[in-house]
Amino acid sequence: YGRGAEGSRDAPPRHKDFEEIYVPHDEKKLGTQAARCMDCGIPYCQTTTGCPLGNKIPEWNQLVYEGRWKEGLERLLQTNNFPEFTGRVCPAPCEGSCVLGIIEKPVTIKNIECALIDKGFEQGWIKPNPPAVRTGKKIAIVGSGPAGMAAADQLNKTGHTVTVYERACRPGGLMEYGVPNMKADKDFIVGRRVKLMEDEGVTFICGDKGNISGTPWMLGSDTEGATKAADLIAANDAVILSIGATKPRDLPIPGRELKGVHFAMEFLHKTTKAILDGGSVKEDWKAKWQGDVIDAKDKKVVVIGGGDTGNDCIGTSARMGAASVVNFELLPKPPADRAKDNPWPEWPRIFRVDYGHQEVEQKYGKDPREFLVLSKKFLDDGNGNLKGIETVRVEWTKDESGRFKMTEVPGSEQVFEADLCFLAMGFLGPEEKISEELKVERDPRGNYKADMGKFTTNVEKVF
């Protein structure tokens, strides 16, 4: 059997709406894919190079092959709190580590995982299951993204009383506002899981009251009168900080202050909120959206950064009707297959075409990516607005020590027209407000310093 990954809805019509891009699951096809799983002696798909959750992939693949879907789902839920999230947005390092991938294309593990949980909800196998006994312990969790929700789910199952605090107006964190609706529906996927957790006893406090320590942020929650982190510690038996790596990497070049230059997450957050407030993800979404938005319609858009966030900006801009969409990447174009210095079971650093790239190529006639581009200056139209980006091409070579170094290519200067630029160059760790208030130690990379396995910080009761 060959690899048969599930497809997406056709690109020309789908870039008019914000509905999920996925097609319905084909159980027969998925059964064939499960049959390709080899019951390896050492299943690298579930080791450190594969699934960070340790999902028992060969076991549920076997159960799907045998048509025992409910048992397969039970096996999946032993290690994964939210397969409907990972089955949609995880980059699937398990597939990069699949042993079959040594000689053939890997098993479509991610598709099978997603189908298991989707079938579970469709068949009514997933029901609220609150703990029979409460321990009397109170736990506060700051941040309602996937990490905060998973911690809440686990602790609630143990019998603790859990309250999750979220500064946005809806729970879900990155899954709610960072990942666009076409990748994970906010009502059907995220909202359904939140409702299930509420039915099991988890409390979510959102908006101004959920903005612990009053951290200023892009959607402008009022910071006055916010609950202090120290007060949260006093009122609970434990406090878990799961606020995410929300500090974006900036690009401090001349012209950074111009109107039209935005962090990618500001663009994505505001777009999703406006669409959800409007109540429609179908083709009439723009007639109904509400609130403060960054509208890319008829604008020349440049996205700097080539990861998932950059791709989401590309797809969102295309849906808005941008005049053009270009994506800068600092690194060279990856090879079609693994290079010699990128052996299995490492993550394959190969050229990929994601949904946003496909949609832009279909709509505008060209893949949006420009490789080996270094941005040098944002250009002013004379009125404080962005009109273009001055760039230069670069090349990467190794020095005497074997380290890569970047050098500019003489004579390769080029100006790209741009009305909007979205910076999608990754993140530098969590914001500092809470850690400074509590005096939580941080590691050299800016993350909260904690003991691995124990998750304890230098502050008592804070994890």
Side-chain angles (χ1 to χ4, degrees), residues 5-6 22 24-48 50-90 92-95 97-100 106-134 146-160 162 175 184-185 188-202:
E6 292 183 332
Y22 317 110
H25 300 298
D26 183 335
E27 291 189 14
K28 183 178 179 181
K29 188 175 182 179
L30 290 167
T32 300
Q33 285 304 300
R36 299 178 70 230
C37 184
M38 302 188 299
D39 192 21
C40 308
I42 301 178
Y44 279 82
C45 58
Q46 64 185 53
T47 64
T48 52
C51 180
L53 295 177
N55 282 341
K56 301 174 182 179
I57 295 165
E59 296 183 24
W60 41 259
N61 276 347
Q62 179 67 27
L63 291 167
V64 167
Y65 168 67
E66 295 173 358
R68 298 156 63 188
W69 284 77
K70 188 175 182 180
E71 293 172 74
L73 176 61
E74 291 168 353
R75 199 64 52 91
L76 172 59
L77 291 174
Q78 288 180 1
T79 54
N80 191 340
N81 296 80
F82 314 127
E84 69 271 34
F85 296 174
T86 54
R88 284 168 169 78
V89 304
C90 177
C94 55
E95 295 186 13
S97 296
C98 176
V99 177
L100 182 61
V107 177
T108 60
I109 300 168
K110 182 177 175 180
N111 290 163
I112 298 171
E113 174 186 24
C114 191
L116 276 166
I117 187 66
D118 287 353
K119 187 177 181 68
F121 277 109
E122 290 167 5
Q123 296 296 319
W125 299 336
I126 307 293
K127 298 177 181 178
N129 185 27
V133 179
R134 289 290 177 183
M149 287 181 66
D153 193 41
Q154 290 295 116
L155 292 166
N156 182 64
K157 283 179 167 60
T158 305
H160 303 315
V162 181
M175 282 300 301
D185 188 272
F188 184 63
I189 301 302
V190 183
R192 179 179 62 185
R193 176 59 69 170
V194 170
K195 177 64 166 56
L196 180 67
M197 291 176 66
E198 289 176 331
D199 291 343
E200 293 179 333
V202 177

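Computation of the quantities below employed the complete heavy-atom set of this structure, encompassing side-chain atoms and omitting hydrogens, waters and symmetry-equivalent molecules.
C98 and P106 make their closest contact through CB-CB, 3.6 Å (heavy atoms, listed as atom of the first residue, atom of the second, distance). Residues G31 and V64 approach most closely at CA-CG1, 4.4 Å, considering heavy atoms. Between I109 and C94 the shortest heavy-atom distance is CG2-SG, 3.7 Å. When all heavy atoms of M38 and V99 are compared, the pair lying nearest together is CE-CG1, 3.8 Å. The two atoms that bring P131 and K157 nearest to each other are CB-O, 4.0 Å, heavy atoms only. In terms of heavy atoms, G50 sits closest to P93 at O-CG, 3.3 Å.
Distance check, rounded to the nearest 0.5 Å: SG of C40 to CD1 of I57 gives 10.5 Å. Annotation: the span from W69 atom CH2 to K119 atom NZ amounts to 6.5 Å, rounded to 0.5 Å. Atom CG of L116 is separated from atom CH2 of W60 by 6.5 Å, given to the nearest 0.5 angstrom. One finds the CG atom of L53 at 8.0 Å from the SG atom of C90 (value rounded to the nearest 0.5 Å). Taking CZ of R193 as the reference point, atom CE of M149 lies at 7.0 Å (rounded to 0.5 Å).
Donor-acceptor pairing under 3.5 Å is lacking for the side chains of E74 and Q78. Between the side chains of H25 and N111, no donor N or O sits under 3.5 Å from an acceptor N or O. Counted by atom type alone, E200 and N129 present zero donor-acceptor pairs between their side chains at under 3.5 Å.
When side chains are defined from C-beta on, P58 counts as touching C45, because their heavy atoms get closer than 4.5 Å.
Under the side-chain hydrogen bond (donor to acceptor under 3.5 Å, both in side chains) criterion, K195 pairs with D199, not counting sequence neighbours. Residues forming a ring pair (Phe, Tyr, Trp, His ring centres under 6.0 Å) with Y65 (at least two apart in sequence, or on another chain): none. T86 pairs by the side-chain hydrogen bond (donor to acceptor under 3.5 Å, both in side chains) definition with N80, E113, not counting sequence neighbours. Residues that satisfy the side-chain hydrogen bond (donor to acceptor under 3.5 Å, both in side chains) test with N61, not counting sequence neighbours, are absent from this structure. K110 is linked by a side chain to side chain contact (heavy atoms under 4.5 Å, CB included) to A92, E95, counting only residues two or more places apart in sequence or in another chain.
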Discussion item. If you apply the rule side chain to side chain contact (heavy atoms under 4.5 Å, CB included), what do you find for L73 with I126, and how did you get there?
Written reply: CA-CA 10 Å; L73 176 61; I126 307 293; 3.7 Å; yes

Discussion item. Using the rule given for side chain to side chain contact (heavy atoms under 4.5 Å, CB included), can you reason through R68 versus Q62, listing the C-alpha separation, both sets of side-chain angles and the distance that settles it, and then say yes or no?
Written reply: CA-CA 9 Å; R68 298 156 63 188; Q62 179 67 27; over 6 Å; no

Practice prompt. In sequence, state the C-alpha distance, the side-chain angles, and the governing distance for R75 and L63, and then conclude on side chain to side chain contact (heavy atoms under 4.5 Å, CB included).
Written response: CA-CA 9 Å; R75 199 64 52 91; L63 291 167; 4.2 Å; yes

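Among residues at least two apart or in separate chains, side chain to side chain donor-acceptor pair (under 3.5 Å) pairs with a member in residues 36-46 are Q33-R36.
Put simply, the residue from I117, V190, L77, D153 that forms a side-chain contact (heavy atoms from CB on, under 4.5 Å) with F82 is D153. With E6 as the partner, the side-chain contact (heavy atoms from CB on, under 4.5 Å) test is satisfied by one option alone out of T108, I112, L30: L30.
For the pair R192 and F121, the cation-pi criterion (under 6.0 Å, within 45° of the ring axis) is fulfilled.
Remark: side-chain polar atoms of R134 are paired, donor with acceptor, to backbone N or O of H160 under 3.5 angstrom. With hydrogens and angles ignored, the 3.5 Å screen pairs a side-chain donor or acceptor of T32 with a backbone N or O of K28.
No salt bridge links K56 with E59; every basic N to acidic carboxylate O contact stays at or beyond 4.0 Å.
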